[in-house]
Amino acid sequence: MPCALYTAMPPEASSSTGSVAGRRIRPLPAEQPHLTRCTKLLCSAFLTLLLVAGVVVFVAYLAVRPHRPRFHVTAFTASGIPSGGGLVVLSGQLTVRNPNRDIAYFFDRFYLSVEYRGADVAKDRPLTAAPLYQPPKTTSPLPFQGVEVSAGEDMAKDAAEGDGRVEMTVRVRSRIRARLAFWGNRHWHPLNVRCEVAVGPDGQLLAEYLQKRCSIDFF
């Protein structure tokens, strides 16, 4: 009897139900054009607002042009150096200048320290009795007197040797906040000022240090 010829369907063949090798092929999710348009609109609106805010801030900065306060040494003496005794009395004055046209400054109380030969000979002496408000384009004095330091012998040696100068660093610390028109910043920022000074054998401030600008660190 002749053998019957037949063709077997391979197991990988596809069926009309859309399955391959016993696994169902899931259709791809349909695109949702309206969601794509909404996303693009939101991104465009956010970038536009960000650009406008940046331009406004830049224009306001150019209009206000904020500047830091400026500190200068206007007077400084060290009485007692010529005698060579152990006690020296420091006196002097600093000034703080607000160079801004529209910004006012609020300062907390000021404290004075004096550094000599890398060590503090006076530490956190009260420089002002109360906080200080400084309007735009004004200069305020910060005088001090009667600051006693027990380094007279070393200062007398410095005055007698070399070029005869005695170098010190006057440090002032406080807190500061700013006010622009009717808007005020309620956050205080630490303020640290360093003024380099030098006196001669007579205890008087050398001319090159008069009105010398101090370094300032805040924000």
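This is a predicted model, so every value here is computed, not measured.
Of the inter-residue distances, the one linking L94 atom CG with S140 atom OG reads 12.0 Å to the nearest 0.5 angstrom. Rounded to the nearest 0.5 Å, atoms SG (C214) and CZ (R194) are 10.5 Å apart.
The side chain to side chain donor-acceptor pair (under 3.5 Å) test with R173 is passed by exactly one of D108, D124, N192: D124.
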Worksheet item: Can you list the steps and then say if V170 with L112 is a side-chain contact (heavy atoms from CB on, under 4.5 Å)?
Response: CA-CA 7 Å; V170 177; L112 174 75; 3.1 Å; yes
Fill in: side-chain contact (heavy atoms from CB on, under 4.5 Å) assessment of H67 paired with N98
CA-CA 8 Å; H67 298 282; N98 181 2; over 6 Å; no
Worksheet item: Are R97 and T139 close enough, and set up right, to give a side-chain hydrogen bond (donor to acceptor under 3.5 Å, both in side chains), and what steps lead you there?
Response: CA-CA 4 Å; R97 171 72 178 172; T139 302; 3.1 Å; yes
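E153 contributes no side-chain N or O that, together with a main-chain N or O of K157, makes up a donor-acceptor pair within less than 3.5 Å. Side-chain atoms of T128 never come within 3.5 Å of backbone atoms of R109 as a donor-acceptor pair (strictly under, hydrogens ignored). Judged by distance alone, with hydrogens and angles left aside, the side-chain atoms of K137 form no donor-acceptor pair with the main-chain N or O of R101 at under 3.5 Å. For the pair Y116 (side chain) and D154 (backbone), a donor-acceptor distance under 3.5 Å is present.
Using a 3.5 Å distance cut-off with no hydrogens or angles, the side chains of N100 and Y105 do pair a donor with an acceptor.
Residues R213 and R70 form a side-chain contact, since some pair of their non-hydrogen atoms from C-beta on lies under 4.5 Å apart. Side-chain atoms of K123 and R171, non-hydrogen and from C-beta on, do get closer than 4.5 Å to each other. Annotation: side chain of V172 is not in contact with side chain of C195 (no heavy-atom distance under 4.5 Å). Considering only heavy atoms from C-beta on, M168 stays 4.5 Å or farther from E196 through its side chain. Contact check for F107 versus V96: side-chain heavy atoms found under the 4.5 Å cut-off. With a 4.5 Å cut-off on side-chain heavy atoms, R179 and F106 count as touching. By the 4.5 Å heavy-atom criterion applied to side chains, I81 and V166 are counted as neighbours. Side-chain contact check for H187 versus R177: every heavy-atom pair is 4.5 Å or farther apart.
In plain terms, the two heavy atoms of A104 and P135 that are nearest each other are CB-CA, 4.2 Å. Closest heavy-atom contact between V147 and R125: CG1-NH1, 3.6 Å. Counting all heavy atoms, side chain and backbone alike, S91 lies closest to G146 at OG-N, 3.4 Å.
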Name every donor-acceptor pair, under 3.5 Å, that has one atom in a side chain of residues 73-80 and the other anywhere in the protein, sequence neighbours excluded.
residue, atom, partner, partner atom, Å
T74, OG1, Q93, O, 3.0
T74, OG1, Q93, NE2, 3.3

List, one per line, each side-chain donor-acceptor pair under 3.5 Å for residues 199-209, sequence neighbours excluded.
residue, atom, partner, partner atom, Å
D202, OD1, Q204, N, 3.1
E208, OE2, R165, NH2, 2.8
Y209, OH, R165, NH1, 3.2

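In terms of hydrophobic clustering, with Ile, Leu, Val, Met, Phe, Trp and Tyr side chains grouped at heavy-atom distances under 4.5 Å, M155 and V89 are assigned to different clusters. Linking Ile, Leu, Val, Met, Phe, Trp and Tyr residues whenever their side-chain heavy atoms come within less than 4.5 Å leaves Y111 and L191 in two separate clusters. Linking Ile, Leu, Val, Met, Phe, Trp and Tyr residues whenever their side-chain heavy atoms come within less than 4.5 Å leaves L87 and V114 in two separate clusters.
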